[in-house]
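What you see below is based on every heavy atom in this structure, not just the backbone, and it leaves out hydrogens, waters and symmetry mates. Order of the sequence lines sets the chain letters (A, B, ...), proteins ahead of strands, with each chain counted from 1.
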There are 2 protein chains.
Amino acid sequence: MIWSRIKVASVTVASNSRRTAAAMLPVLVVHGGAGDVPTQRAELSCAGVREAARAGYALLRSGRSAMDAVVEAVTLLENNPAFNAGCGSVLNEHGGVEMDALVMDGRTLASGAVSAVRRIANPVQLARLVMEKTQHLCLTAEGASKFARAVGVPEVPEETLITDYARKRWQRNLQPGSNPVECQMGKMGTVGAVAVDSEGNVACATSTGGMLNKMEGRVGDTPCVVVIKWKYTLCQSWLTCIRGVKLQSWRAAANAGLTPVLEGHTVGKFHSSSGGPQCLRVKLRSWRGHSGCGFNSGPGGGTAAAG
Amino acid sequence: MIWSRIKVASVTVASNSRRTAAAMLPVLVVHGGAGDVPTQRAELSCAGVREAARAGYALLRSGRSAMDAVVEAVTLLENNPAFNAGCGSVLNEHGGVEMDALVMDGRTLASGAVSAVRRIANPVQLARLVMEKTQHLCLTAEGASKFARAVGVPEVPEETLITDYARKRWQRNLQPGSNPVECQMGKMGTVGAVAVDSEGNVACATSTGGMLNKMEGRVGDTPCVVVIKWKYTLCQSWLTCIRGVKLQSWRAAANAGLTPVLEGHTVGKFHSSSGGPQCLRVKLRSWRGHSGCGFNSGPGGGTAAAG
């Protein structure tokens, strides 16, 4: 498989048996965020992505849904201080943590999101509750917190979400002459996962702390549902949250003809193509005809659409 | 012109001279929100849309930009209690006003938005300031309010945004047996405007109070930028904020072959086609090759992308 030739902090777990609708084996793709992983954190990041992929895939193999799997995987990434989501999120200009997350279910075309939410350990789980327990697509800021309290999701002290690494980066950006935008580039971005379960249904989830030293209340594209191309049938709708890490490696691989494709895969094909300087697209198509395409718009950003 | 045969609370102001790039005459389209206008409010709504269209178009004729024109038009709609934006916004479940707005500039591909913002008379103007004075695309809730204070935008008492009509609808929805979703359907939705100026540049703006009796912190798709189809050139990007009012009239017109098209227009063509039960798409193409397509996703919602 060509993936082994490309150093990326993302993991695909899937069967390699022949495609049969009657005995479908699931697939899960997990990523740890766009941008170059600093060398000293590469091992941690890769281990975290592997752990999340294995945990989510174990659920899929036990017959659980794609939604269960992606939420489980992203929950583990949020709990892992190595990633810019949940504990480990980058800090805003005031040194606080505000997080965005989204889930989408290709089976029902439902989605849920939270933006600029504070003091929640697992925003991805709260996003799922927005999808399941409200008539809305997105709740923001204090409104999201009130909803969390109403459905029994506990608040956590903000300090428990802040790592020494995040605080040091934030402090460095407060120094005279610092360039927050430059510092942001190349660092770990939004995390996410996409899965196809044994029923052939797709689901995805993303979560992020956003941009380093962002203004209070800044919302990126992570919690935004984007219906890119709607043609009234599931098979023509799109799904995202597949992101590339080590973008330069991916692009170098593509330039060298090493297109990362799982040809003849049980569940679907996995394509990658590079776009602009900060753009990476990945496409997934399931045996049921559901297809998904994700792209990252740079560290700390991302856009999602599901079917 | 076929528009006169269709009763809609939207106005197009434009020249009908021949297309010449050297002496371009501008165009402005203003709408007052998706959904049926209650009969007793139809006259008020149509007068408000006409007033906004004339004010915005006066700016265009004096050489001002498309962005100036759409912000002016939407500002007037926000100030007009007949519309669900600014003063006149629908109330959330707690009887408060939370508003979303977005602007997009096709010349620079810049955009700015605010979501769930409170106590601001003209969210569309604040959205423009987000575009012009920050590195972010969207600020939400209290963060947006703090930004407003920082740039000198005054807060207004929430009571000044609440009309008797809005309060009565909110109270009716609190009564036993009421159905907030049903009550929302068919009422005035998000307002907006799109323009092409004498330079051939496009811009758009939207503003809304959202859904009646929505949960606190609910964010719809109004403040979400959607890059539907990006092909590295301006001429392939999209722009929205053109919405239909009196959807049933539009669809009935389309069914009867009365497609509302300004053929041979100085600046571009104006197309309409109906989608799903709550979907309307409108497309605009300027002489410079900029094209825009907008659709409404039902009352209180909307999606925007610009180029």
Side-chain angles (χ1 to χ4, degrees), chain A residues 92-94 96 98 100 111 113-118 130 133-148 150 179-181 184 210-211 213-232 238 275-277 279 281 295 297 300-301 303-305, chain B residues 92-94 96 98 100 102 111 113-118 130 133-148 150 179-181 184 210-211 213-232 238 275-276 279 281 295 297 300-301 303-305:
Chain A
N92 69 14
E93 61 182 352
H94 300 303
E98 294 178 296
D100 306 333
S111 70
V114 291
S115 65
V117 69
R118 290 170 173 261
V130 169
K133 294 186 182 298
T134 81
Q135 295 179 322
H136 302 321
L137 296 180
C138 180
L139 295 178
T140 191
E142 184 57 23
S145 295
K146 287 182 178 174
F147 169 69
N179 184 337
V181 174
Q184 174 74 24
M211 289 179 66
N213 289 51
K214 64 186 178 184
M215 293 172 68
E216 185 178 339
R218 178 262 184 184
V219 178
D221 49 359
T222 294
C224 298
V225 177
V226 183
V227 180
I228 298 173
K229 199 172 183 182
W230 183 281
K231 288 194 175 179
Y232 314 109
W238 295 51
C279 179
R281 290 183 299 167
F295 66 94
S297 55
T303 305
Chain B
N92 69 15
E93 62 182 351
H94 301 304
E98 293 178 297
D100 306 333
L102 175 143
S111 69
V114 291
S115 66
V117 69
R118 290 170 172 260
V130 169
K133 294 186 182 297
T134 81
Q135 295 178 322
H136 303 320
L137 295 180
C138 180
L139 295 178
T140 192
E142 184 56 25
S145 295
K146 288 182 178 175
F147 169 69
N179 184 337
V181 174
Q184 173 74 24
M211 289 178 66
N213 289 51
K214 64 186 178 183
M215 294 174 68
E216 184 178 339
R218 178 262 184 184
V219 178
D221 48 0
T222 293
C224 298
V225 177
V226 182
V227 180
I228 299 171
K229 199 172 183 181
W230 184 278
K231 287 193 175 178
Y232 314 108
W238 295 52
C279 179
R281 290 183 299 166
F295 66 95
S297 55
T303 304

Interface residue of largest heavy-atom contact number with chain B, from A:H136, A:E216, A:E98, under 4.5 Å: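 Greatest number of close heavy-atom pairs with chain B: A:H136.
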
Heavy-atom pairs under 4.5 Å with chain B, option from A:A144, A:G143, A:A141, A:S115 with the top count: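 It is A:G143.
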
Determine the minimum heavy-atom distance between [X] and [Y], stating which atoms define it.
| X | Y | value |
| --- | --- | --- |
| A:N92 | A:R118 | ND2-NH2, 3.6 Å |
| A:A116 | B:T140 | CB-CG2, 3.5 Å |
| A:G220 | A:P223 | O-CD, 3.5 Å |
| A:L139 | A:T134 | CD1-CG2, 4.5 Å |

Among B:M215, B:K214, B:K146, B:E142, who wins on heavy-atom pairs under 4.5 Å with chain A?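 Top count of heavy-atom pairs under 4.5 Å with chain A: B:M215.
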
